[in-house]
Amino acid sequence: MTSAVPTAAGTTTAREFRLNMCGPDFPFAYDTYLNNPAGLGQVPAERHGTEVAVIGGGLSGLITAHELMKMGLKPVVYEADRIGGRLRTERMPEEPEGAVAEMGAMRFPPSSTAFWHYVDRVGLRTTSFPNPLSPAASSTVVDLKGVPHYAEKLKDLPEVYREVAQAWDQALESVEHTRMQKAIRERDVTTQKEIWNRLVERLDNQTFYGFLSESPGFASFRKREIFGQVGFGTGGWDTDFPNSILEILRVTYTGADDDHRAIVGGVDQLPLRLWGTAPDKLVHWARGTSLATLHPDGPRPAVTVLRRTANRKSPSGNITVTDASGATRTYRAAVFTAQSWMMLSKIDCDEDLLPIDHWSAIERTHYMESSKLFVPVDRAFWRDRDPVTGRDTMSMTLTDRVTRGTYLLEGKTPDAPAVICLSYTWSDDSLKWLPLSADERMEVMLASLNKIYPGVDIRSHITGDPITISWEDEPYFMGAFKANLPGHYRYQRRLFTHFRQDDLAERHRGLFLAGDDISWTAGWVEGAVQTALNAVWGVMHHFGGRTDPINPGPGDLFDRLAPVALPED
């Protein structure tokens with residue numbers, strides 16, 4: 001089968017790519033777009049220096065601002081908390097350049113190709129992330145119903161676990177998994193859309209759990225229960241059981257939960273370097289200009305009011321922003337990259353900022369809760385071998401106990417200070433810890449792990465205070481990330497396609513939505529990058545700009561690649 005890959009001459013060529021997250025809903029090749037020497041596009045010279053508000057200083061906001069600056073526009077970044085958003089790294093005082101606690105995103109698949117474009121651009125190093133049963137994990141303990149199983153490979157677990165893995169593979173083949181992955185690798189847009197459009201219509205109303213229950217290999221409740229605890233890729237997925245199966249297929253088709261890597265020294269280096277690094281190629285701005293030099297006093301503070309305002313030059317297209325300092329500025333365009341719920345609860349917004357259908361989509365957004373608890377330890381003591389069993393003293397751990405997932409993160413060497421993520425939980429499991437302090441959480445988690453590792457004195461290795469986060473309790477996030485429920489496809493489509501505004505009434509144009517909760521892959525940083533690039537195209541188009549013919553952007557190819565529109569009547 002030949003792929004349909006646009007080339008510089010506008011023809012197609014058969015080519016094998018690695019698995020990527022450029023699909024299947026909107027199979028635009030963001031990585032190819034980024035790597036084309038023609039660049040992302042240009043705006044008319046008379047627009048150079050025009051201010052554009054960028055609301056939110058997470059990765060989506062910084063990439064938006066970075067690329068708008070390269071085009072000669074002047075991004076004005078607003079950030080309520082800290083640069084980086086959910087790329088939040090905490091460094092241990094005892095070892096500031098060693099092991100770190102990643103409070104948000106901490107592991108990234110090779111298929112996040114647009115994300116890796118920026119990682120490579122700023123020169124960050126990576127290392128394999130030790131997911132359970134991955135090659136980077138020396139060993140894994142799966143502890144279910146009070147029975148721990150030690151494994152260095154999947155074959156070391158009891159036969160029922162392999163049966164569950166086979167049942168999952170069979171369930172995926174019922175939705176043409178192998179064929180879809182081949183089409184994604186080959187950038188075969190026609191096949192991707194043929195498979196996916198049919199599945200969207202068939203499965204939009206189906207939960208993840210319902211999909212499992214209808215799969216022959218999961219007729220047994222016991223196997224569904226085991227799968228919920230152990231899952232695939234990073235571990236258990238039962239907290240996603242109520243969500244749409246389409247959300248899960250987007251993950252498996254694109255390899256988003258496979259072969260993860262971590263950023264050496266902390267992922268927050270990426271947004272910080274994007275903030276402080278001057279691009280090699282700039283239009284309008286002097287060499288050496290960066291987002292930091294355009295914001296000598298740092299980003300503007302939290303946005304409190306968003307209004308539509310008019311003047312003679314733009315009767316309905318201006319966006320007026322008031323921030324927490326009381327300062328008010330008016331812009332011809334703005335990009336909103338913070339979590340969309342902020343527009344309902346934390347910011348006083350005009351209804352005319354968006355069409356009513358888009359407000360409905362935001363109101364029905366479903367966010368997942370998530371909490372983590374880290375402790376610094378003296379060294380990677382878990383690599384010590386038990387003299388009786390010959391096994392690791394402690395392992396990456398998946399369990400149905402309160403900790404759920406425990407990750408062991410080495411420092412620069414096995415003898416250097418290290419970090420343990422004692423607990424990583426989601427949804428209801430996360431809400432259980434919301435009222436507890438970091439110390440109280442640590443005591444509960446140590447008691448739970450002591451039942452799995454009764455001979456291991458974890459406490460004796462702890463060298464500092466625990467660090468914790470519950471994203472649902474963070475005032476500028478109110479949740480970890482979006483996860484669509486059954487029937488939410490139409491809402492997601494409205495939000496994702498908002499960047500292409502030619503069909504909107506004039507009074508609704510000029511404000512662009514971005515961020516991972518606007519993307520099809522919420523919870524993966526790739527979605528934040530892709531929607532940022534969509535918004536950059538939208539602003540460029542809004543100002544009368546265009547892309548180079550040899551490098552069409554997401555809006556230029558929209559009609560060909562647009563997500564399928566399900567009927568609403």
Side-chain angles (χ1 to χ4, degrees), residues 1 19 23-25 109 111 131-134 140 142-145 147 149 151 153-185 191-259 398-400 404-405 426-428 483-489 520-521 564 566:
M1 179 180 295
L19 203 60
D25 293 273
S111 58
N131 281 321
L133 292 173
S134 72
T140 299
V142 178
D143 173 73
L144 300 183
K145 298 185 177 181
V147 181
H149 301 286
K153 297 180 180 178
L154 177 61
K155 67 179 183 179
D156 298 331
L157 292 173
E159 177 62 25
V160 67
Y161 289 87
R162 291 187 289 282
E163 292 173 0
V164 167
Q166 291 169 2
W168 179 234
D169 289 341
Q170 291 166 3
L172 291 177
E173 284 311 307
S174 74
V175 287
E176 302 187 67
H177 199 261
T178 299
R179 184 172 173 236
M180 175 65 91
Q181 287 202 330
K182 183 176 186 292
I184 291 174
R185 285 191 176 95
T191 300
Q192 286 186 61
K193 295 188 74 62
E194 179 263 309
I195 296 172
W196 188 245
N197 292 0
R198 176 165 31 87
L199 289 176
V200 167
E201 186 172 358
R202 171 185 144 203
L203 295 176
D204 179 43
N205 297 323
Q206 180 68 286
T207 65
F208 184 13
Y209 189 80
F211 174 79
L212 283 182
S213 298
E214 293 181 2
S215 302
F218 286 105
S220 158
F221 174 79
R222 180 184 179 218
K223 288 184 179 177
R224 296 198 297 272
E225 188 178 34
I226 290 174
F227 180 83
Q229 300 293 335
V230 180
F232 62 91
T234 54
W237 280 74
D238 57 352
T239 49
D240 276 88
F241 276 175
N243 295 330
S244 168
I245 182 57
L246 297 179
E247 293 283 80
I248 308 306
L249 296 181
R250 291 183 183 106
V251 174
T252 61
Y253 283 148
T254 62
D257 219 42
D258 300 332
D259 305 320
L398 297 176
T399 180
D400 53 4
R404 296 307 301 270
W426 300 91
S427 298
D428 290 354
N484 282 324
L485 297 173
H488 279 196
Y489 174 87
W520 296 107
T521 51
V564 61
L566 296 181

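Only heavy atoms go into these numbers, but all of them, side chains included; no hydrogens, no water, no symmetry mates.
With respect to the salt-bridge test (charged N to carboxylate O, under 4.0 angstrom), the residues Glu247 and Arg250 qualify. Contact check on Lys182 versus Glu176 returns no salt bridge, with no Lys/Arg side-chain nitrogen under 4.0 Å from an Asp/Glu carboxylate oxygen. Ion pairing between Arg162 and Asp156 fails under the 4.0 Å rule for side-chain N and carboxylate O. Lys145 and Asp400 are not joined by a salt bridge, as no carboxylate oxygen comes within less than 4.0 angstrom of a charged side-chain nitrogen.
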Would Arg222 and Glu225 count as a salt bridge (Lys or Arg N to Asp or Glu O under 4.0 Å) if you check the C-alpha gap in whole Å, the side-chain angles of each, and the deciding distance to 0.1 Å? CA-CA 5 Å; Arg222 180 184 179 218; Glu225 188 178 34; over 6 Å; no
Given the rule in the salt bridge (Lys or Arg N to Asp or Glu O under 4.0 Å) test, do Asp238 and Arg404 qualify, once you have shown the distances and angles that lead to the verdict? CA-CA 11 Å; Asp238 57 352; Arg404 296 307 301 270; 2.9 Å; yes
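The aromatic rings of Phe208 and Trp237 stand perpendicular to each other, their planes meeting at an angle above 60°, with 30° marking the opposite boundary.
Looking at heavy atoms from C-beta onward, Val175 lies in side-chain contact with Tyr253 at the 4.5 angstrom threshold. You'll find the side chain of Leu485 stays beyond 4.5 Å of the side chain of Thr207, heavy atoms only. Proximity of Phe211 to Ser174: side-chain heavy atoms (C-beta onward) are separated by under 4.5 Å at one or more points. In this structure the side chain of Trp520 reaches within 4.5 angstrom of the side chain of Tyr489, judged on heavy atoms. For the pair Asp204 and Glu201, the minimum side-chain heavy-atom distance is 4.5 Å or more.
The one candidate from Gln229, Lys223, Arg224 that meets the side-chain contact (heavy atoms from CB on, under 4.5 Å) condition with Val164 is Lys223.
Side-chain N/O atoms of Thr178 and Glu173 include a donor and acceptor closer than 3.5 Å. Remark: the Thr252 side chain and the His177 side chain contain an N/O donor-acceptor pair separated by less than 3.5 Å.
Here Asp169 pairs with nothing under the side chain to side chain contact (heavy atoms under 4.5 Å, CB included) rule; sequence neighbours left out.
Distance alone, capped at 3.5 Å, places no donor-acceptor pair between the Ser244 side chain and the Pro486 backbone. In this structure, the side chain of Ser111 engages the main chain of Thr254 through a donor-acceptor pair within 3.5 Å.
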